[in-house]
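Here is the naming used below: chain letters follow the sequence lines, and residue numbers restart at 1 for every chain.
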There are 2 protein chains.
Amino acid sequence: MRVTSDRALDHPRREDIRLEAVLHALSDPMRLRVVAFLSGVDDEGAPCSAIDLVVSKSTSTHHFRVLREAGVISQVYRGTAKMNALRRRDLDELFPGLLDAVLRARAAQRRREGDAEPVPF
Amino acid sequence: MRVTSDRALDHPRREDIRLEAVLHALSDPMRLRVVAFLSGVDDEGAPCSAIDLVVSKSTSTHHFRVLREAGVISQVYRGTAKMNALRRRDLDELFPGLLDAVLRARAAQRRREGDAEPVPF
DNA sequence: ATCGTAGTTTGACATACCTCGTACTACGAG
DNA sequence: CTCGTAGTACGAGGTATGTCAAACTACGAT
């Protein structure tokens with residue numbers, strides 16, 4: 001993953017990721033949606049703008065930051081964009097099966113409620 | 001489970017349990033501890049007082065209510081006590097593997113941080 | 001009938017959360 | 001260099017959260 005800016009972004013080290021923070025980060029529908037989206041994207045990640053959150057830009061920034069500070073996603077600048085990627089490897093090592101269970105749970109809930117989408121996020 | 005009081009307690013029906021609410025309920029250390037404790041108890045459940053939360057009684061009441069309203073536990077009066085039980089069956093049907101993943105994640109985190117307890121909760 | 005135990009209710013307080021608009025910065029393209 | 005795009009920072013508003021103390025209710029035991 002090429003970084004084209006040295007603007008620094010604080011990420012918790014893997015061993016500092018706390019379960020409570022992860023669960024809290026995942027407890028918001030907006031953020032859960034981001035995570036679901038990123039789960040279907042390669043390691044490069046996707047820019048914030050790739051996900052239509054239907055909220056203001058500042059709110060969007062806020063949610064991405066919550067996810068990053070909880071250790072759920074990593075963010076890195078590339079050009080004018082900021083690439084977001086799930087920290088799947090770290091999460092799986094720390095909390096095996098958790099992320100998958102949450103994603104499956106969300107998918108199941110969406111199926112039950114019939115709000116499927118063409119693109120599954 | 002014998003109920004000895006008709007004081008009513010509202011529980012969400014299984015199909016009304018929302019993933020976001022469950023994750024939020026689980027994102028508090030106090031409540032996570034309650035859930036971990038209840039996971040090691042039979043279907044009868046345990047009274048609130050069985051878990052030493054080290055908070056005031058009103059705070060304790062609050063946390064148990066959050067768990068109940070999210071659909072994580074069921075509560076029923078029995079005599080002067082109020083029995084609390086994990087809604088394991090409902091959660092497992094709705095979100096297979098989620099509860100177990102969370103409990104294992106918490107256990108793993110506790111091991112990493114070395115704050116094991118004689119009784120594992 | 002009285003007492004103790006278990007839990008509830010109310011009200012309060014400080015903090016955190018989600019949301020927004022506006023003004024701002026960083027970068028690539030022309 | 002200028003412009004547009006992507007995202008940030010700041011401040012504000014409203015709501016929710018976690019906490020407590022004090023007064024209360026419900027029940028079993030004596």
Separation of atom [atom1] in [X] from atom [atom2] in [N], rounded to whole Å:
X       : N      : atom1 : atom2 : result
A:Glu69 : C:dA16 : CD    : C1'   : 13 Å
A:His62 : C:dT19 : NE2   : P     : 7 Å
A:Arg78 : C:dC27 : CZ    : P     : 14 Å
A:Lys57 : C:dT25 : NZ    : P     : 14 Å
A:Arg65 : C:dA16 : CZ    : P     : 14 Å
A:Met83 : D:dA6  : CE    : P     : 13 Å
A:Asp28 : C:dC18 : CG    : P     : 5 Å
A:Tyr77 : C:dT25 : OH    : P     : 14 Å

Which part of the nucleic acid does [X] contact within heavy-atom distance under 4.0 Å: base, sugar-phosphate only, or nothing?
X       : value
A:Val55 : sugar-phosphate
B:His63 : sugar-phosphate
A:Ser56 : base
B:Ser58 : base

Considering only NZ, NE, NH1 and NH2 on the basic side and carboxylate oxygens on the acidic side, decide whether B:Arg31 and A:Glu20 come within less than 4.0 Å.
-> no

Does a salt bridge link B:Arg112 with A:Glu15, judged by any charged N lying under 4.0 Å from a carboxylate O?
-> no

For the residue pair A:Leu19 and B:Val102, what are the closest heavy atoms and their distance?
-> CD2-O, 3.9 Å

Cluster overlap B:Leu26 with B:Val66, hydrophobic side-chain contacts below 4.5 Å = no

Looking at [N], I'd like to know if its phosphate oxygens (OP1 or OP2) sit under 4.0 Å from a side-chain N or O belonging to [X].
X       : N      : answer
B:Thr59 : D:dC20 : yes
A:Arg31 : C:dC18 : yes
A:Thr61 : D:dA9  : no

Compare the minimum distances between each of [options] and the side chain of [X], then state the nucleotide with the smallest one.
X       : options               : answer
A:Met30 : C:dT19, C:dG7, C:dC17 : C:dT19
B:Cys48 : D:dA9, D:dG18, C:dG7  : C:dG7
A:Thr80 : D:dT5, C:dG7, D:dA9   : D:dT5

Are a donor atom and an acceptor atom from the side chains of B:Thr61 and B:Ser58 found within less than 3.5 Å of each other?
-> no

